[in-house]
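FYI, side chains are in, hydrogens and waters are out, and symmetry mates aren't considered; it's all heavy atoms of this structure. Read the numbers this way: they start at 1 and go in the same order the structure lists the ligands and their atoms. These numbers come from a predicted model, not from an experiment.
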Amino acid sequence: MRISVPTIPQAILSAATSAAQSISPSAAVERIASFLAPGNVATITGAGVSVDSGIRAYRGVKGRYLNPNYKLRSYLGYTPVRDALPNTTHYALAALQYSGIIPKLITQNVDGLHQKALSSVWNTAYKQERILELHGSLHKVHCSHGHVIDRATFQDRLSAANPEWKTYMDELEATGQRPRTNPDGDVELEGVAYDSFRVPECPTCLAENRHNSILKPELIFFGESIRQDVKDRSYADIEHCSGLFLVGTTLATYSAFRLLRHALELKKPVLMLNIGPTRADPLPGLEKIEMSSRIVMRDAVRAVLGSRVDDDPIIERMLRSGVVQPPSEDD
Ligand SMILES: [Zn+2]
């Protein structure tokens with residue numbers, strides 16, 4: 001995310017390929033299953049996990065919140081993220097969470113798709129205990145006095161305050177010309193005037209006779225630090241686990257990279273499933289399978305859970321659920 005999107009040094013990129021295992025999908029399934037089987041596996045996910053839901057991997061652009069048209073772009077970009085559906089990887093992981101193999105999941109994603117995959121079996125409090133959103137959530141907005149507003153409600157208020165932009169967005173939707181959206185719900189928008197975009201006041205502040213329209217998504221922005229309680233909790237999750245599984249992340253953000261390093265320092269077994277080079281590739285002790293999670297995760301879950309899949313209709317349904325709608329390469 002925008003806090004730290006360091007570019008991966010070229011030397012690491014060129015050394016990376018040699019670190020990866022070259023194995024068949026069935027061998028990968030077997031290896032992942034045996035890694036997960038003992039249970040108590042903490043899991044870290046990144047942008048790669050959400051690509052099949054139509055949310056493209058992040059293109060590092062820093063400090064966009066400082067850009068005055070960010071609020072408008074965020075307004076236009078929220079709808080696709082709000083409407084995105086969990087994919088097969090989210091559901092495979094959900095089956096592992098639900099069956100207790102993965103008691104703690106830490107995600108760098110702000111799209112809320114891990115939560116959506118569990119929405120029919122876990123309530124909000126239960127999900128909050130078991131899923132840590134390292135970089136915050138796009139589905140909540142807060143004012144500078146700490147009042148939190150549900151994002152969908154806020155989106156409706158923005159629409160009401162900006163009918164002309166609502167019309168513009170509806171037209172984009174109707175013609176299928178949605179602007180390109182980044183995983184943090186920001187869109188790339190050029191050549192539009194944004195001066196007219198109005199952000200309504202925080203209703204709680206207004207009720208307290210205070211004017212405050214500094215509302216922003218509950219995300220960690222470039223230059224901001226992760227809250228101490230979130231950081232502490234992420235470290236505790238790593239310390240209490242028996243192994244660490246990394247899925248769809250290049251660990252380009254330091255907040256996630258240091259968790260992996262912490263796990264390795266504690267001599268925890270670590271398995272990474274990701275396509276392409278990552279910041280972690282040169283680290284000794286890291287085992288990496290270079291493969292798409294879409295190809296192997298469901299079969300790996302079947303192998304781990306065995307007869308529980310057929311005995312439990314919830315797990316069985318999870319392993320049949322999930323969209324596969326990766327964004328097209330060039331749009
Ligand atoms: Zn407020």
- Message: For E30, is the CD atom crowded, meaning more than 12 foreign heavy atoms sit under 6.0 Å from it?
- Response: no
- Among Ile, Leu, Val, Met, Phe, Trp and Tyr joined by side-chain contacts under 4.5 Å, find the other residues sharing a cluster with V324 and list them by chain and number. none
- Return the number of protein N, O or S atoms with a distance to the Zn ion (ligand 1) smaller than 2.8 Å. 4
- Task: Find the distance between SG (C205) and CZ (R210) and round it off to the nearest 0.5 Å.
- Result: 4.5 Å
- Query: What class does the angle between the rings of F245 and F35 fall in, given that below 30° is parallel, 30 to 60° is tilted and above 60° is perpendicular?
  - Reply: tilted
- Query: For D232, what residues pass the salt bridge (Lys or Arg N to Asp or Glu O under 4.0 Å) criterion, not counting sequence neighbours?
  - Reply: none
- Item | For E239, all residues meeting salt bridge (Lys or Arg N to Asp or Glu O under 4.0 Å), sequence neighbours excluded | none
